[in-house]
Amino acid sequence: MTDIWSFKVILIGPAAVGKTSLLKRFISNKFSENLAATLGVDYLNKELKFSPNSIARLTIWDIGGQERFKFLRNTFYRGANGALIVFDLTRAKTYKGIKDWVYEMRQLTEENIPFVLIGNKCDLFDDIGPVVDSEDAQRFAESEGNIYIETSAKTGENVEDAFIKLTHRMANREEIITPNVEEAFKAIDYEIEKLTEAPKILIDEKEEKEILPKNAIEAQGLLIKAFYEKFGNEALPIIKEVCKKQGRSLGLKIKKKLNDNRLSIVAKAFTKSYDPNDVKVISISDKKFQVQGTKCPFGLENTSRELCEAVMEIDHEYFRTAVSDKIELKIINNVAAGDSYCDTIYELKE
Ligand code: G3D
Ligand code: MG
């Protein structure tokens, strides 16, 4: 059986080092002398057979190195599984800036993603001679647990090799996305949308300024808040009980869909039900899942910690059902209690 993997790869580095040329070479085995400077973000797909039984579907994102595209960086980096970090072997300045690129990448990607450091334009060695210390580049890449390769987009030297090596590294460390799970996620996305968004209430701009629920979850939040305001702490066990049932129902559906009870897999499906702008995954493994959010989907901001805990019974029960009843939930911060963001940890206690 052939394993199919999906990876997002980003191409980063200063302007004019040859990122777009490397991409074109890899995708279509062509080199074009007159590429227009990359405008904003561009991405291309390619299937790569990287071992006898493994195919990777790579989505390769290319960004202009120009400062003026800084605002696109979050989208660009989000969800990347690996990076090619490129400098120009004929311009020392491009190598000096590489640490800043690594730093930026580390800030804006979720985990310690693998990279291949690329010294490009090695075809010009004979004309120009060494401008950058290759051994230093190698040491730097290795100090970060990664590798260094010299390429030429012009002759094609080592270009495919760089992509293959990166793909191996992404596949080797990937505990989160197992083969074909990506396909399963597409199916559950639809399911989750139906469950959590139910018919969207159409509202015009003017009405939106009043507190009107935008979807079923916000409507549920309004009801919960009204109930809590009227009955105070007495309402909490009732809210908790109902939310637990809701979590169990969602958990059973996901369990059936995924047919895999590892925390990492369930957590990944769970995050897909949120707007990626509102949540940030801090860590994800089969033992622990930590996630932060800036917005409460129920609109419970500035109510109380107790109310948040009661409603979070949905998520807790979801994980208990879909993973194991040994899942513990710790709420470190929450916007309901007035914190600026929510921070929660789900841990599998054996
Ligand atoms: P970028 O996407 O990093 O900004 P480009 O870089 O791919 O646009 O390439 C910048 C310039 O370097 C281009 O030249 C391109 O032809 C050239 N180039 C890219 N890779 C190589 C290489 O491996 N060897 C040589 N000799 N040149 C390369 P122009 O003149 O079009 O600006
Ligand atoms: Mg470019």
Side-chain angles (χ1 to χ4, degrees), residues 7-46 48 58-78 80 82-106 108-109 113-138 140-141 146-167:
F7 293 122
K8 172 174 172 179
V9 173
I10 50 177
L11 270 164
I12 56 177
V17 295
K19 298 180 296 297
T20 305
S21 303
L22 286 164
L23 179 57
K24 294 261 156 97
R25 166 64 71 193
F26 175 61
I27 299 281
S28 55
N29 206 21
K30 280 197 195 98
F31 179 81
S32 154
E33 296 278 354
N34 295 307
L35 284 171
T38 316
L39 293 169
V41 181
D42 238 342
Y43 64 87
L44 289 168
N45 294 305
K46 175 151 169 144
L48 178 67
L58 303 180
T59 303
I60 309 156
W61 291 56
D62 181 20
I63 198 175
Q66 297 85 339
E67 285 301 302
R68 66 180 184 278
F69 298 130
K70 269 233 145 92
F71 68 96
L72 288 169
R73 296 273 163 89
N74 280 339
T75 314
F76 177 73
Y77 282 107
R78 186 177 300 131
L84 294 178
I85 307 179
V86 190
F87 66 91
D88 181 343
L89 284 164
T90 68
R91 286 184 296 146
K93 208 174 125 212
T94 63
Y95 176 62
K96 288 204 190 88
I98 282 302
K99 283 189 183 154
D100 293 340
W101 282 93
V102 175
Y103 180 76
E104 180 178 279
M105 179 185 81
R106 293 289 182 229
L108 297 174
T109 51
I113 63 169
F115 67 79
V116 170
L117 178 62
I118 293 191
N120 186 43
K121 308 195 187 177
C122 70
D123 58 287
L124 297 174
F125 261 152
D126 292 344
D127 300 344
I128 298 181
V131 172
V132 174
D133 181 355
S134 298
E135 281 177 18
D136 191 68
Q138 178 138 10
F140 170 65
N146 288 288
I147 46 173
Y148 170 61
I149 299 180
E150 292 180 346
T151 61
S152 166
K154 186 166 188 170
T155 66
E157 190 176 339
N158 284 341
V159 175
E160 188 166 51
D161 194 40
F163 280 93
I164 289 177
K165 290 217 163 89
L166 179 66
T167 304

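When a ligand or atom number is given, it counts from 1 through the structure's own listing order. Every value quoted in this text rests on a predicted model; they were computed, and no experiment measured them.
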Q | From OG1 (Thr151) to CZ (Phe26), nearest 0.5 Å | A |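 That separation rounds to 12.5 Å.
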Q) Looking at CG of Asn120 and CG of Leu89, how far apart are the two atoms once the value is rounded to the nearest 0.5 Å? A)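 If we round to the nearest 0.5 Å, Asn120:CG and Leu89:CG are 7.0 Å apart.
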Expected output: side-chain [X] to main-chain [Y] donor-acceptor under 3.5 Å:
X	Y	result
Asp88	Lys121	no
Arg106	Trp101	no
Lys8	Trp61	no
Lys154	Cys122	no

Q.
With nothing but distance in play, are any N or O atoms of Ala153 less than 3.5 Å from an N or O of ligand 1?
A.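 Yes.
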Q.
For ligand 1, which is the ligand I care about here, please tell me if Asp62 has any N or O atom under 3.5 Å from one of the ligand's N or O atoms.
A.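 Min N/O separation from ligand 1 is not below 3.5 Å for Asp62.
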Q: Evaluate side-chain contact (heavy atoms from CB on, under 4.5 Å) for Glu150 paired with Phe125, printing each intermediate quantity in order.
A: CA-CA 11 Å; Glu150 292 180 346; Phe125 261 152; 3.4 Å; yes
Q. At a non-hydrogen distance cut-off of under 4.0 Å, which region of Asn120 contacts ligand 1 (side chain, backbone, both, or neither)?
A.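 It is the side chain that touches ligand 1; the backbone stays farther off.
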Distance filter under 4.0 Å to [X] heavy atoms, resulting ligand 1 atoms:
X	value
Gly18	1 (P), 3 (O), 5 (P), 6 (O), 7 (O), 9 (O), 19 (C), 20 (N)
Lys154	22 (C), 23 (O), 24 (N), 26 (N)
Asp123	22 (C), 23 (O), 24 (N), 25 (C), 26 (N)
Lys19	1 (P), 2 (O), 3 (O), 4 (O), 6 (O), 7 (O)
Leu124	26 (N)
Ser152	23 (O)

Q | Atom of Pro14, atom of Val86 and distance for their closest heavy-atom approach | A |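 In terms of heavy atoms, the two residues are closest at CD-O, 3.4 Å.
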Q: Please confirm if an N, O or S atom belonging to Thr20, backbone or side chain, lies less than 2.8 Å from the Mg ion (ligand 2).
A: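 Short answer: yes, at least one N, O or S atom is under the cut-off.
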Q.
For atom 19 (C) of ligand 1, which of the options Pro14, Ser21, Gly13, Ala16 provides the nearest non-hydrogen atom?
A.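 Result: the heavy atom closest to atom 19 (C) of ligand 1 is in Ser21.
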